[in-house]
Amino acid sequence: MQQIAIFGGTFDPIHWGHLLLAETALQQLPLDQVIWLPSFKPPHKQAALFKHRVAMLQRATQDHPAFTISLIELNRSGTSYAINSLIDLSAVYPNTHWYWIVGLDTFQTLPRWYRGHELAQMCDWLIAPRFLGGETIAQSELICKQVEEELRDQFFTIRWQFLHIPLVGISSSLIRQFIRDHHSIRYLVPESVRSYISAHQLYSNKSE
Ligand code: ATP
């Protein structure tokens with residue numbers, strides 16, 4: 001049975017924090033590959049055009065033999081929901097043990113995702129601690145246990161573990177803010193992503 005981790009996100013744009021997360025998952029688990037899953041129509045978020053987000057993902061991940069990008073969310077109309085994507089991917093990759101890579105901030109909201117309770121038990125969760133405002137690892141663990149209990153109260157089980165990763169304070173929103181403020185984003189994103197953003201004038205007032 002193959003072992004695959006899905007890394008879902010808006011990737012608006014992809015940054016070094018994302019890349020470190022995916023690489024860490026590959027290092028710490030016996031994974032065959034990481035599938036990057038850009039959300040086509042993310043719930044609750046306005047994002048840059050899908051074609052731009054995918055182009056940046058391609059540039060940032062193309063040199064890594066264990067990274068694949070899935071465009072499966074293009075096949076469904078309406079809002080992109082994680083559970084539908086996992087169901088669709090399971091048809092493409094049968095006989096697979098699934099993992100889902102997620103930052104702590106996102107994992108915290110899992111019980112409120114569309115059919116989040118069902119999704120919770122369909123894969124193993126690989127959680128990256130994320131700086132949300134001063135919490136320690138012990139507090140991060142508490143947050144995960146609260147999610148676990150919330151699900152257990154409704155008779156759903158979840159398997160999760162932390163990825164051992166240094167806290168990286170980079171976020172896509174920070175990068176978008178830096179661009180709007182005319183600050184440099186060099187060393188926050190791969191150089192190929194930085195040049196794509198500048199060539200297409202993304203995240204500035206002149207953006208498409
Ligand atoms: P935004 O700032 O626009 O909300 P983001 O940086 O959180 O974006 P997403 O594409 O929404 O990026 O994130 C995809 C996944 O990666 C989420 O599970 C998120 O928690 C996680 N993630 C993103 N950046 C980091 C980081 N620096 N450390 C840990 N996890 C991260």
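Both ligands and their constituent atoms are indexed starting at 1 by order of listing. All values below come from the heavy atoms of this structure, side chains included, with hydrogens, waters and symmetry mates left out.
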*asked:* Using a 4.0 Å cut-off to any heavy atom of Gly9, which atoms of ligand 1 qualify?
replied: 10 (O), 14 (C)

_List ligand 1 atoms under 4.0 Å from Ser171, heavy atoms only on the residue side._
2 (O), 6 (O)

Heavy atom of the protein closest to [atom] (residue, atom name, distance):
atom                    : result
atom 7 (O) of ligand 1  : Arg130 NH1, 2.9 Å
atom 20 (O) of ligand 1 : Asp105 OD1, 2.6 Å
atom 13 (O) of ligand 1 : His18 NE2, 3.5 Å
atom 4 (O) of ligand 1  : Lys45 NZ, 3.1 Å
atom 21 (C) of ligand 1 : Gly103 N, 3.8 Å
atom 17 (C) of ligand 1 : Thr106 OG1, 3.2 Å
atom 15 (C) of ligand 1 : Phe7 CE1, 3.5 Å

*Would a 4.5 Å heavy-atom cut-off, applied to side chains only, mark Ile165 and Gln28 as touching?*
no

*Can you check whether Gln33 reaches Phe67 side chain to side chain, under 4.5 Å on heavy atoms?*
no

_Tyr114 and Tyr81 aromatic ring geometry - parallel, tilted or perpendicular at 30°/60° bounds_ = tilted

Looking just at side-chain N and O atoms, do [X] and [Y] make a donor-acceptor pair shorter than 3.5 Å?
X      : Y      : answer
Gln3   : Tyr99  : yes
Glu23  : His64  : yes
Glu150 : Gln146 : no

N or O contact, [X] vs ligand 1, cut-off under 3.5 Å:
X      : value
Phe11  : yes
Ala128 : no
Val168 : yes
Gly17  : no
Arg176 : yes

So which bit of [X] gets within less than 4.0 Å of ligand 1, heavy atoms only: side chain, backbone, both or neither?
X      : value
Phe107 : neither
Asp12  : neither
Val102 : both

*Would you call Arg194 and Glu191 a salt bridge, taking side-chain N to carboxylate O under 4.0 Å as the test?*
yes

*Side-chain ion pair, Glu149 and Lys145, N-O less than 4.0 Å*: no

*Run through Val189, Ile14, Asp12 and flag the one making a side chain to side chain contact (heavy atoms under 4.5 Å, CB included) with Ile175.*
Val189

*Compute the centroid of each ring, for Phe11 and then for Trp36, and state whether the two points are separated by less than 6.0 Å.*
yes

_Minimum non-hydrogen distance to atom 6 (O) of ligand 1, winning option of Ser39, Ser173, Ser172, Pro42_ = Ser172

*asked:* With ring pair (Phe, Tyr, Trp, His ring centres under 6.0 Å) as the criterion, how do Tyr196 and His52 come out once you've worked through the C-alpha distance, each side chain's angles and the decisive distance to 0.1 Å?
replied: CA-CA 9 Å; Tyr196 186 93; His52 288 315; 5.7 Å; yes

